[in-house]
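Structure first, then comments.
Order of appearance sets the numbers: ligands from 1, and atoms from 1 within every ligand. All residue numbers in this chain count up from 1 along the given sequence. We use all heavy atoms of the structure for the numbers below, so side chains are in, but hydrogens, waters and symmetry mates are not. Quantities reported herein were computed from a predicted structural model and do not represent experimental measurements.
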Amino acid sequence: MLATERVPSAAQPDVAIAADALPGFVSPDSLLAPLQVFRQLPLLRILSSYVPQTFWQRDTNDLPAASAAYREKLRDFSDRHLRPHALTLDQQFSECAHSVPQPAAIDTALCEAGRAGLLSDLLPWPLGCTPWARYRHSLVWQQSLRTEELARADGGLMLLLSAHNLGLAPILFSGNWQVIKQVVLPAFRACEQGEPQLFAFAITEPGAGSDAEEGHVAAHNKPELVAHPAPGGWRLRGRKVFISGGDRARWVVVLAALAGEGYPSWTAFLVDTLQPGFVRVRNEHKMGMRASAATELEFCDCFVPDARVLGGLRNGWALSRATLNFSRLPVASMAVGFAQAATDIATDHACRQMLGGRPLIHYQHMQLGIADLQAATASIRALVWEYARAWTPWQAKASIAKFQATDQAQQVIERAMDLCGEMGLTHAMGLEKIFRDNRLTRIFEGTNQINRLSVIEDQQREFLDRIRRLDPGDSRSSNHPQAYCSMHVISRGKI
Ligand SMILES: Cc1cc2nc3c(=O)[nH]c(=O)nc-3n(C[C@H](O)[C@H](O)[C@H](O)COP(=O)(O)OP(=O)(O)OC[C@H]3O[C@@H](n4cnc5c(N)ncnc54)[C@H](O)[C@@H]3O)c2cc1C
């Protein structure tokens with residue numbers, strides 16, 4: 001018998017099993033149930049919301065009205081336009097990378113996203129389509145809300161939509177009004193009319209991934225994409241790799257070193273992909289988020305006019321770092337969305353699957369497992385929301401949220417797979433896809449190891465000060481004979 005034939009979705013618990021309480025609990029209608037006891041006293045009734053609500057509804061209700069409405073809109077959009085295509089698109093690209101023509105489902109999802117304003121929501125109305133009421137809270141937080149809901153429905157299409165905003169961010173940070181007026185605003189209007197014009201952000205080079213993001217050893221590395229001066233502008237020569245949405249982008253923000261100078265001269269150029277010399281070489285065949293291509297781009301003397309240099313010459317690092325600080329929290333939210341999706345699938349499975357004539361959720365082991373999944377997901381969501389509320393994202397916090405959420409989500413998904421047994425390994429259930437999708441978040445926007453180093457980098461000055469302040473006579477200094485003795489005692493377990 002095939003595993004899929006054993007999906008017990010149609011199985012109905014018998015009357016005895018569908019009793020009004022799970023074994024070990026009083027009925028939710030009992031006067032002793034937690035939600036009912038509060039009805040007894042008027043003050044408690046007012047203070048506590050005893051209306052049965054899902055976690056999602058409770059979290060949404062706690063948001064300011066404009067953000068709550070946004071979250072509801074995002075869920076509705078994702079369930080209607082992303083989720084139905086998630087498994088099909090993933091399977092379609094399981095044996096090969098993207099090629100032309102691409103599935104119509106991707107075009108349709110992009111058009112719908114454009115019409116819904118999801119491709120023009122980085123600017124307030126009337127420039128973009130974000131209502132001013134949402135600006136009571138940081139843009140990063142709004143992006144985090146958005147990314148979580150999209151990721152919960154489908155990692156591939158979510159990345160495609162997120163890569164667009166990643167490409168827009170450095171343009172907006174540059175404050176180049178001419179470019180915003182001539183390029184960004186017309187692109188927004190086209191998107192809203194259902195004719196998407198996408199943006200992408202290209203920093204990674206064949207020999208520089210982490211270096212390109214963090215610059216740890218960039219000072220000694222040789223840039224592979226170089227801008228050569230030309231009359232009225234610059235000619236770009238070289239390659240970029242793994243560029244999300246690079247297969248479809250109409251505009252690409254490209255970081256390039258100036259000829260004769262190294263990485264420190266990095267400058268951001270806005271490349272019109274219709275220009276001669278811009279080549280989409282190939283798409284990677286990758287393990288997850290398959291509806292979004294990771295593209296190798298080649299620049300063969302591709303011309304960029306002076307007016308499309310963003311933020312001035314040699315200011316590329318500033319724009320790149322600001323962009324990554326802005327985008328790492330939403331990457332953490334991708335993981336929250338994946339963890340939530342895995343939790344939902346496992347919960348649904350536990351209620352449907354029968355074991356020994358009873359639904360799995362009747363077993364306490366299962367209840368404990370589901371509670372753990374919910375707790376782990378809620379804790380990374382709380383971390384991301386807390387850090388994303390700040391208007392000025394700080395690298396260390398963005399990095400902590402990124403590696404903590406993406407690492408923890410991987411554990412949540414794996415645990416959800418445990419709870420679903422063999423069904424968790426089937427493509428139809430969707431868990432193994434989520435497992436593969438989340439794995440990518442631990443690599444891009446800086447590997448999680450690099451993000452850990454960023455936390456230390458931000459506190460370098462403080463750490464150096466501590467070292468400088470160290471009194472050689474301080475008994476807590478490890479090279480002090482007395483300190484050595486006490487450490488020795490500790491290590492031998494005598495304290
Ligand atoms: C799906 C996907 C989408 C992507 N989208 C984009 C995009 O849109 N735009 C873009 O520009 N890039 C994109 N990237 C590239 C991504 O940002 C890089 O893959 C990432 O920065 C890691 O670089 P790398 O793969 O070259 O790894 P490397 O830098 O080669 O790292 C290899 C290993 O060495 C470790 N390491 C590296 N340097 C140090 C150090 N100094 N100290 C200690 N350990 C170190 C790393 O942690 C890692 O474990 C994407 C990648 C993926 C997988």
Side-chain angles (χ1 to χ4, degrees), residues 90 93 97-98 147 151 154-170 198-221 223-225 238-249 251-257 263 266 268-269 271 273 280 282-299 316-317 319-321 323-328 330-331 334-335 338 398-399 402-403 406-407 433 436-457 460:
D90 179 66
F93 296 120
H98 283 240
T147 312
D154 177 39
L157 290 170
M158 173 279 298
L159 185 60
L160 196 51
L161 298 175
S162 299
H164 170 72
N165 277 2
L166 182 69
L168 281 163
L198 300 184
F199 289 72
F201 184 49
I203 54 177
T204 306
E205 302 187 348
S210 303
D211 286 354
E213 297 207 347
E214 297 303 324
H216 287 304
V217 287
H220 313 290
N221 208 342
E224 297 202 27
L225 181 60
R239 279 186 303 152
K240 292 284 183 186
V241 290
F242 268 96
I243 306 308
S244 293
D247 61 331
R248 291 174 169 266
W251 301 92
V252 184
V253 174
V254 178
L255 272 289
Y263 271 112
W266 246 16
F269 297 90
V271 172
T273 60
R280 304 178 210 262
R282 67 191 184 91
N283 297 317
E284 300 293 340
H285 182 201
K286 54 188 169 52
M287 70 183 278
M289 296 183 167
R290 287 174 172 157
S292 157
T295 309
E296 178 176 335
L297 305 175
E298 187 162 9
F299 301 82
W317 283 105
L319 284 182
S320 175
R321 280 195 179 247
T323 301
L324 292 174
N325 283 352
F326 171 75
S327 64
R328 278 181 180 158
V331 170
M334 293 178 190
F338 292 140
S399 289
K402 195 267 184 186
F403 73 73
T406 56
D407 282 353
K433 172 185 178 295
R436 289 184 280 109
D437 285 353
N438 187 71
R439 189 64 189 83
L440 272 55
T441 62
R442 298 165 70 197
I443 301 291
F444 59 60
E445 306 267 338
T447 63
N448 280 5
Q449 293 78 11
I450 287 295
N451 272 276
R452 285 177 169 86
L453 294 180
S454 298
V455 175
I456 305 303
E457 182 181 43
Q460 242 198 120

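Rounded to the nearest 0.5 angstrom, F444 CZ and T204 OG1 are separated by 11.5 Å.
Ligand 1 has an N or O atom lying under 3.5 Å from an N or O atom of S244, backbone or side chain. The shortest N or O to N or O distance between I203 and ligand 1 is below 3.5 Å. Considering both main-chain and side-chain atoms, L159 never comes within under 3.5 Å of ligand 1 through any nitrogen or oxygen pair.
A salt bridge links K433 to D154: at least one charged side-chain nitrogen sits closer than 4.0 Å to a carboxylate oxygen.
Between the side chains of N448 and T406, at least one donor-acceptor pair of N or O atoms lies under 3.5 Å.
When atom types are taken as modelled, the side chain of D437 and the backbone of M289 share a donor-acceptor pair closer than 3.5 angstrom. No donor-acceptor distance shorter than 3.5 angstrom exists from the side chain of W266 to the backbone of I203, with no hydrogens or angles considered. Put simply, the side chain of N283 never gets that close to the backbone of F242: no donor and acceptor are under 3.5 Å apart.
Taking a cut-off of under 4.0 Å to the non-hydrogen atoms of I243, the atoms of ligand 1 that pass are 7 (C), 8 (O), 9 (N), 10 (C), 11 (O). Remark: ligand 1 atoms within the under-4.0 Å shell around heavy atoms of L440 are 1 (C). Ligand 1 places these atoms under 4.0 Å from at least one heavy atom of T447: 22 (C), 46 (C), 47 (O), 48 (C). The L453 neighbourhood of ligand 1 comprises atoms 42 (N), 43 (C), with distances under 4.0 Å to a heavy atom of that residue.
Around atom 12 (N) of ligand 1, the closest heavy atom drawn from I450, V254, T204, D437 belongs to T204.
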